[in-house]
Amino acid sequence: ATLRYIASINGSSAVYSGEALEKSQIDAWLDSSTKLDAAAQRWLFAKDGADAPEAQAAKACVEESLAVLEKALLLQTFLGNNHRMTLADLAYATSLHLLARN
């Protein structure tokens with residue numbers, strides 16, 4: 001929600017603009033990146049260790065999210081709009097950075 005707000009605070013934003021269909025696709029990817037972030041944090045920072053059932057469930061969610069992302073990017077260059085970077089691409093970049101660092 002915060003990213004959407006910042007991107008739209010001055011009206012039209014290059015990373016969060018376009019027709020209703022494009023915005024809805026960007027929103028869906030933003031929601032998906034939020035779920036990836038939450039699962040990654042539950043997995044990477046599990047209180048009971050990475051082998052705990054909750055951590056393993058979170059890891060499975062991360063793997064599923066990454067598979068969906070990879071499948072989408074086989075067909076298009078950017079998320080939500082195949083012609084330019086969108087807010088969804090930026091959100092996923094931060095999600096992937098968290099995973100790569102840990």
Side-chain angles (χ1 to χ4, degrees):
T2 304
L3 287 175
R4 290 180 185 104
Y5 173 73
I6 292 170
S8 62
I9 198 166
N10 293 323
S12 181
S13 169
V15 293
Y16 190 60
S17 65
E19 300 295 323
L21 175 63
E22 181 181 322
K23 274 194 173 179
S24 68
Q25 292 170 337
I26 293 169
D27 284 336
W29 283 112
L30 287 171
D31 293 342
S32 178
S33 75
T34 300
K35 290 177 187 174
L36 174 61
D37 280 341
Q41 290 179 20
R42 286 193 315 271
W43 172 40
L44 296 172
F45 307 114
K47 292 179 185 177
D48 297 328
D51 293 329
E54 298 84 13
Q56 289 301 306
K59 180 182 177 185
C61 184
V62 167
E63 290 171 345
E64 181 181 333
S65 294
L66 293 177
V68 169
L69 176 64
E70 183 175 11
K71 184 176 179 181
L73 291 175
L74 287 173
L75 304 173
Q76 60 193 44
T77 305
F78 300 107
L79 300 173
N81 179 317
N82 198 32
H83 306 291
R84 62 180 165 74
M85 185 180 297
T86 68
L87 193 59
D89 296 292
L90 298 173
Y92 261 96
T94 61
S95 300
L96 296 173
H97 180 72
L98 170 67
L99 288 167
R101 287 187 55 206
N102 292 291

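- Proximity of a side-chain donor or acceptor of S65 to a complementary backbone N or O of C61 within less than 3.5 Å is detected.
- Sparse packing is recorded around CG of D48, with 12 or fewer heavy atoms of other residues, nucleotides or ligands lying under 6.0 Å away.
- Contact between A55 and A46 at its shortest, heavy atoms only, is CB-CB, 3.6 Å.
- Residue L98 is grouped with residue L96 when hydrophobic side chains (ILVMFWY) are merged at heavy-atom distances under 4.5 angstrom, including chains of intermediate members.
- The residue from T34, L69, L87 that alone fulfils the side-chain contact (heavy atoms from CB on, under 4.5 Å) condition with W29 is L69.
- The nearest pair of heavy atoms linking L21 to S24 is O-OG, 2.7 Å.
- Formation of a donor-acceptor pair under 3.5 Å by the R42 side chain with backbone atoms of D37 is not found in this model.
- Other residues, nucleotides and ligands place no more than 12 heavy atoms under 6.0 Å from the CD atom of E64.
- Between the CG atom in L36 and the CD atom in E63 there is a gap of 11.5 Å [rounded to 0.5 Å].
- A salt bridge links R84 with E22: the closest approach of a Lys/Arg side-chain nitrogen to an acidic carboxylate oxygen falls below 4.0 angstrom.
- L73 approaches T77 most closely through the heavy-atom pair CD2-O, 3.7 Å.
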Start with the C-alpha gap between N81 and Q25, add the side-chain angles, then the distance that decides, and say whether side-chain contact (heavy atoms from CB on, under 4.5 Å) holds. CA-CA 8 Å; N81 179 317; Q25 292 170 337; over 6 Å; no
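- Annotation for I26 and G80: closest pair CG1-CA, 4.0 Å, computed over non-hydrogen atoms.
- Between W43 and L99, some side-chain heavy-atom pair lies under the 4.5 Å cut-off.
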Kindly indicate, with the supporting measurements, whether the criterion salt bridge (Lys or Arg N to Asp or Glu O under 4.0 Å) is fulfilled by R4 and D31. CA-CA 11 Å; R4 290 180 185 104; D31 293 342; 2.7 Å; yes
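- Scanning both residues, D89 and L79, for their nearest heavy atoms gives OD1-N, 2.9 Å.
- For the atom pair Y16 OH and K23 NZ, the distance stands at 5.5 Å (nearest 0.5 Å).
- Residue A91 comes nearest to L30 through the heavy atom pair CB-CD2, 3.6 Å, listed as atom of the first residue, atom of the second, then distance.
- No continuous path of ILVMFWY side-chain contacts below 4.5 Å connects L90 to Y92, so the two sit in separate hydrophobic clusters.
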